[in-house]
Amino acid sequence: MTAHLKRWWPLALLLVLFAAPYSALPVPGLLDGPLGSPGSLQLIALCLLYGGLATGYDLLLGRTGLLSFGHALYFATGLYATDLAMLEFGLGFVPAALFGIACTVALALLLGSVSLRVTGIGFSMVTLAFAQAGSILVQRNPGGLTGGEEGRSAPAEHLPDALIGIQNTANLYWIALAYLVVTLAVVHWTVSSPTGRIWAGIRENERRVEVLGLRPYGFKLVAFTVSGALAGAGGVVYLLLTGGATPQAAGSDATLALLVMVVLGGSGTRWGPLLGGVLYTWAAHRLGDLANSDSIAQLPAVLRVPLSQPLFLLGTLFVAVVYLLPGGLAKLPARLRGGRAAKTAVPVTAVPEGAA
């Protein structure tokens with residue numbers, strides 16, 4: 001019975017998430033309004049989006065052992081390329097989204113072929129350099145294309161009517177849910193494939209993979225490109241959810257946030273990055289409200305000053321989880337089962353020597 005539940009619980013959870021817009025269930029403490037209200041659906045959609053982004057990023061970090069500091073570049077490419085295709089080329093949303101994802105794949109393939117020429121910390125620094133160049137390019141606003149620090153809004157005339165307005169928040173929510181499902185399916189399928197097993201070998205011992213007659217470079221480039229494509233698709237969804245493209249999406253902080261999400265949930269696990277992405281995104285929004293609340297404002301200065309900073313609260317939460325839950329949230333069930341097994345174990349009494 002337990003094995004049957006383990007097999008079907010993801011489908012049951014998916015059905016619950018799909019039906020969330022039809023629910024008026026109040027969730028005090030977690031959400032400001034009922035479950036199906038526009039504000040709640042917007043927050044949940046962002047949580048699902050970043051859960052998918054973290055899962056796609058873990059394809060590099062946890063599955064292949066590649067620490068990239070430039071993953072936000074591909075997220076921003078999908079975001080800005082889609083927006084510019086509508087604004088400058090006059091394309092409809094679907095062709096513009098396909099154009100944005102195609103640009104992301106091409107860029108990931110190009111920059112990945114260069115970055116993967118080096119390994120270890122060198123690879124991380126090269127990806128960081130590319131990401132910083134992309135971030136500077138966005139902020140410099142070449143030709144007025146990116147909008148600089150203010151960004152550019154998505155043109156409503158090129159978006160479907162079903163995706164515009166607060167009354168259609170449920171449709172945007174379902175798109176974010178669909179993105180998460182597709183990302184989980186792609187990651188699971190690739191990790192379970194022969195290529196995924198080679199990724200695991202590269203993560204454990206790249207030299208041994210070379211000894212077997214395989215060339216790790218090509219397999220790492222596939223992982224880099226697939227992960228970048230998933231990030232670009234996430235950028236398209238983010239454009240719909242927020243209604244525009246902003247330079248914060250291209251900053252190094254965005255990649256560091258993804259790294260924190262993966263470590264928080266559990267790198268290299270099936271559900272850990274998803275859990276970390278959801279928890280981090282929810283905490284980033286809810287702790288911001290807590291930091292600005294009247295209860296914090298009434299505290300003494302020695303407590304009010306640090307607690308009024310959302311990043312301080314997020315950092316404290318991250319340190320607590322890493323210290324108390326090694327391996328991330330995904331390891332928590334196993335640790336609980338291990339603790340219960342240790343408590344119920346019957347101690348063995350030693351038999352004195354010579355006793356019959």
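Between Tyr74 and Phe224, a ring centre-to-centre spacing shorter than 6.0 Å is recorded.
Taken from CZ in Phe219 to OG1 in Thr64, the straight-line distance is 11.5 Å, to the nearest 0.5 Å. A distance of 13.5 Å separates CZ in Arg208 from CD1 in Ile202, rounded to the nearest 0.5 Å. Rounded to the nearest 0.5 angstrom, Gln42 CD and Leu31 CG are separated by 12.5 Å. To the nearest 0.5 Å, atoms CG (Leu14) and CG (Leu177) are separated by 5.5 Å. One finds the CG atom of Asn168 at 7.0 Å from the CG atom of Leu172 (value rounded to the nearest 0.5 Å). Atom-to-atom distance recorded for Leu240:CG and Ile164:CD1 is 10.0 Å, nearest 0.5 angstrom.
The main-chain N or O of Gly62 is found under 3.5 Å from a side-chain atom of Arg203 such that the two form a donor-acceptor pair. Not one N or O on the side chain of Ser267 forms a donor-acceptor pair closer than 3.5 Å with the backbone of Val263. Checking side-chain atoms of Thr127 against main-chain N and O of Phe69 turns up a donor-acceptor pair under 3.5 Å. One N or O on the side chain of Thr146 and one on the backbone of Val138 form a donor-acceptor pair closer than 3.5 Å. One N or O on the side chain of Tyr173 and one on the backbone of Leu17 form a donor-acceptor pair closer than 3.5 Å. Within the 3.5 Å criterion, the main-chain N or O of Gly33 finds a donor-acceptor partner in the side chain of Ser40. Using modelled atom types, no side-chain atom of Asp58 and backbone atom of Pro273 make a donor-acceptor pair closer than 3.5 Å. In terms of modelled atom types and a separation under 3.5 Å, the side chain of Arg197 and the main chain of Ser192 share a donor-acceptor contact. Within the 3.5 Å criterion, the main-chain N or O of Ala20 finds no donor-acceptor partner in the side chain of Ser23. Judged by distance alone, the side chain of Thr255 and the main-chain N or O of Ala72 form a donor-acceptor pair under 3.5 Å.
Placement of Leu84 and Met86 in two distinct hydrophobic clusters is found when ILVMFWY residues are connected by side-chain heavy-atom separations under 4.5 Å, directly or transitively. Residues Leu221 and Val186 do not share a hydrophobic cluster, clusters being chains of Ile/Leu/Val/Met/Phe/Trp/Tyr side chains in contact below 4.5 Å. Criterion: ILVMFWY side-chain heavy atoms under 4.5 Å apart, direct or through other members. Under it, Tyr179 and Trp282 are part of a common hydrophobic cluster. Linking ILVMFWY side-chain heavy atoms closer than 4.5 Å, directly or via other members, places Leu180 and Phe75 in a single hydrophobic cluster. By the criterion of side-chain heavy atoms lying less than 4.5 angstrom apart, applied directly or through intervening Ile, Leu, Val, Met, Phe, Trp or Tyr residues, Val260 is grouped together with Leu53 in one hydrophobic cluster.
Contacts classified as ring pair (Phe, Tyr, Trp, His ring centres under 6.0 Å) and involving residues 95-138 (residues at least two apart or in different chains) are given here: Phe89-Phe99.
Among all heavy-atom pairs drawn from His71 and Ser227, the shortest one is CE1-OG, 2.9 Å. Smallest separation of non-hydrogen atoms from Gly52 and Thr183: O-CG2, 3.3 Å. Scanning both residues, Ala97 and Val236, for their nearest heavy atoms gives CB-CG1, 3.7 Å. Of all heavy-atom pairs between Gln132 and Ser252, the closest is OE1-CB, 3.6 Å. Closest non-hydrogen pair, Leu159 versus Ala154, comes out as CD1-CB, 4.2 Å. Of all non-hydrogen atoms in Leu241 and Ala45, the two that sit nearest each other are CD2-CB, 3.9 Å.
A heavy-atom distance below 4.5 Å is not found between the side chains of Leu79 and Asp83. No side-chain heavy atom of Ser193 sits under 4.5 Å from any side-chain heavy atom of Trp199. Proximity of Thr77 to Leu73: side-chain heavy atoms (C-beta onward) are separated by under 4.5 Å at one or more points. Side-chain contact between Asp32 and Leu43 is absent, with no heavy atoms from C-beta onward closer than 4.5 Å.
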Q | Full working for side chain to side chain contact (heavy atoms under 4.5 Å, CB included) between Met261 and Thr281 | A | CA-CA 9 Å; Met261 293 173 192; Thr281 306; 4.0 Å; yes

**Q.** Audit row: Leu67, Leu259, side chain to side chain contact (heavy atoms under 4.5 Å, CB included) steps and yes/no
**A.** CA-CA 9 Å; Leu67 177 57; Leu259 178 60; 4.0 Å; yes

Q | Pair Leu258-Leu61, side chain to side chain contact (heavy atoms under 4.5 Å, CB included): steps then yes or no | A | CA-CA 10 Å; Leu258 290 176; Leu61 179 62; over 6 Å; no

**Q.** Pair Thr190-Arg63, side chain to side chain contact (heavy atoms under 4.5 Å, CB included): steps then yes or no
**A.** CA-CA 10 Å; Thr190 53; Arg63 304 296 186 173; over 6 Å; no

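For Leu25, the CG atom is densely surrounded, since the number of other residues' heavy atoms within 6.0 Å is greater than 12. Remark: Glu88 CD is packed, more than 12 non-hydrogen atoms of other residues, nucleotides or ligands lying under 6.0 Å away. The environment of CD in Glu149 is sparse: at most 12 heavy-atom neighbours from other residues, nucleotides or ligands sit within 6.0 Å.
In this view, Thr246 and Gln248 satisfy the side-chain hydrogen bond (donor to acceptor under 3.5 Å, both in side chains) rule, not counting sequence neighbours.
Classified by interplanar angle (parallel below 30°, tilted 30° to 60°, perpendicular above 60°), the ring pair Trp271/Trp9 is tilted.
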